[in-house]
Amino acid sequence: MPRAKKVRAIPLPAPFAPPLPAFASADRHHCQLKLTRSVEYSVLLLGLDNAGKTTFHEQVKSLFLPTSPAPNFKTVPTVGQNVSTITLPDMYLKMWDVGGQHSLRKLWQSYYTSCHAIVFIIDSTDIGDGNLEHDNSGRLEECRLVLEDVLTHSETEGVPLLVLANKQDREDCVEVVRIKEGLVKRVFEGEKGSSIRDSRVLPVSALTGTGVKEAVEWVRTRVKWNKEGRPPVMR
Ligand SMILES: Nc1nc2c(ncn2[C@@H]2O[C@H](COP(=O)(O)OP(=O)(O)OP(=O)(O)O)[C@@H](O)[C@H]2O)c(=O)[nH]1
Ligand SMILES: [Mg+2]
């Protein structure tokens, strides 16, 4: 049987190598931009019913989507989920707005493993004076229990947490320092390993938009800081 001939690839001499197109450097730059923008992080919006999650979500879309859609403030209690993805200079940020009614809270845990940050929204006008000892309506205590429950799930361990004291445009709101001292600090005192979780409490008005950009900026920086702990999804 004749032996098969070995075929060797002959390298093209330099003059025959295809020249780089003139736009190559710009194109490469474009590719780099695309590469750095192709990471996606997910943010989960949580909080009691009526806290303002959907209003916050509407405001974020209006501020960050390139089409600047007019926010729909005529919200109805969320039963399923509202999802949108905004583009920031260095990432895609996917927002998951879920229902906060009591019966729907058990669904939250199915989002825990894939979220990179949690934004817990509080209605600052529905927590009495922010002191657990004077809690007539019971909503401050409800808030505490719900937040505690979220943080004690093993799937949320180490996930950055932003607490938003919402409805700060209203005169009857409890100010952010009180919410920090009276509620968040107390929840954290009980949380084991809280020192390794990045957290912050910020005042916002989802309705007027005050503080919403700052909230998104906090999330953006913290998900990046925590990218070893919770790597982004590549897109
Ligand atoms: N004044 C004021 N009202 C707000 C603000 N944010 C939300 N609201 C009002 O609070 C009510 C509830 O808002 P939603 O955004 O639907 O609340 P939610 O947290 O999505 O409620 P669920 O979907 O049931 O969990 C609506 O009447 C909003 O207009 C705010 O910053 N200021
Ligand atoms: Mg809603």
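Only heavy atoms go into these numbers, but all of them, side chains included; no hydrogens, no water, no symmetry mates. In each ligand, atom 1 is the first atom listed, and ligand 1 is the first ligand listed.
The environment of H153 atom NE2 is dense: over 12 non-hydrogen atoms of other residues, nucleotides or ligands sit within 6.0 angstrom.
At under 3.5 Å, not a single nitrogen or oxygen of P77, backbone or side chain, sits near a nitrogen or oxygen of ligand 1. Taking any N or O of R170, backbone or side chain, none lies under 3.5 Å from an N or O belonging to ligand 1. For the pair L207 and ligand 1, the shortest N or O to N or O distance falls below 3.5 Å. Some N or O of A51 is nearer than 3.5 Å to an N or O of ligand 1, by distance alone. Of the polar atoms of N50, at least one N or O is found under 3.5 Å from an N or O of ligand 1, judged by distance alone. For ligand 1, the polar-atom distance check finds no N/O of V98 at less than 3.5 Å from any of the ligand's N/O atoms.
Remark: distances from the non-hydrogen atoms of G47 to ligand 1 are all 4.0 Å or more.
Distances from the Mg ion (ligand 2) show that N82 has no N/O/S atom below 2.8 Å.
A heavy-atom distance below 4.5 Å is not found between the side chains of W96 and S114. Annotation: side chain of I118 is in contact with side chain of T156 (closest heavy-atom distance under 4.5 Å). A heavy-atom distance below 4.5 Å is found between the side chains of I179 and I122. Residues P203 and Q168 are in side-chain contact: their nearest non-hydrogen atoms beyond the backbone lie under 4.5 Å apart.
Within the 4.0 angstrom cut-off, atom 25 (O) of ligand 1 has one or more protein heavy-atom neighbours.
Looking only at distances, no side-chain donor or acceptor of K167 sits under 3.5 Å from a matching main-chain atom of S205. The closest donor-acceptor contact from the side chain of R235 to the backbone of V39 lies at 3.5 Å or more, if one exists at all. With N166 contributing its side chain and A206 its backbone, the two residues share a donor-acceptor pair below 3.5 Å. Side chain of S62 to backbone of E58: no donor-acceptor contact under 3.5 angstrom is found. Within the 3.5 Å criterion, the main-chain N or O of G99 finds a donor-acceptor partner in the side chain of W108.
Near T78, meaning under 4.0 Å from any of its heavy atoms, are these atoms of ligand 1: 22 (P), 23 (O), 24 (O). The ligand atoms of ligand 1 that sit less than 4.0 angstrom from a heavy atom of D169 are 1 (N), 2 (C), 30 (C), 31 (O), 32 (N). Each of the atoms 31 (O) of ligand 1 lies under 4.0 Å from some heavy atom of S205. Near K53, the atoms of ligand 1 lying under 4.0 angstrom from a non-hydrogen atom of the residue are 15 (O), 17 (O), 18 (P), 19 (O), 20 (O), 21 (O), 22 (P), 25 (O). The atoms of ligand 1 that sit less than 4.0 Å from any heavy atom of G100 are 22 (P), 25 (O).
Looking only at protein heavy atoms, the nearest one to atom 17 (O) of ligand 1 is G52 N, 3.2 Å. For atom 5 (C) of ligand 1, the closest non-hydrogen atom of the protein is K167 CG, 3.6 Å. The shortest contact between atom 13 (O) of ligand 1 and any protein heavy atom is with T55 OG1, 3.5 Å.
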Pairs of donor and acceptor atoms involving the side chains of residues 65-79, under 3.5 Å and at least two apart or interchain, shall be tabulated with distances.
unit_1 : atom_1 : unit_2 : atom_2 : d
N72    : OD1    : K74    : N      : 3.0
T78    : OG1    : T54    : OG1    : 2.8

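Looking at T208, T75, D49, L45, it is T75 that brings a heavy atom closest to atom 16 (O) of ligand 1.
Around the Mg ion (ligand 2), the two atoms OG1 of T54 and OG1 of T78 are separated by an angle of 90°, to 10 degrees.
The part of N166 lying near ligand 1 is the side chain, judged by heavy-atom distances below 4.0 Å.
Heavy atoms only, all atoms of each residue included: Q59 and V212 are closest at CG-CG2, 3.8 Å.
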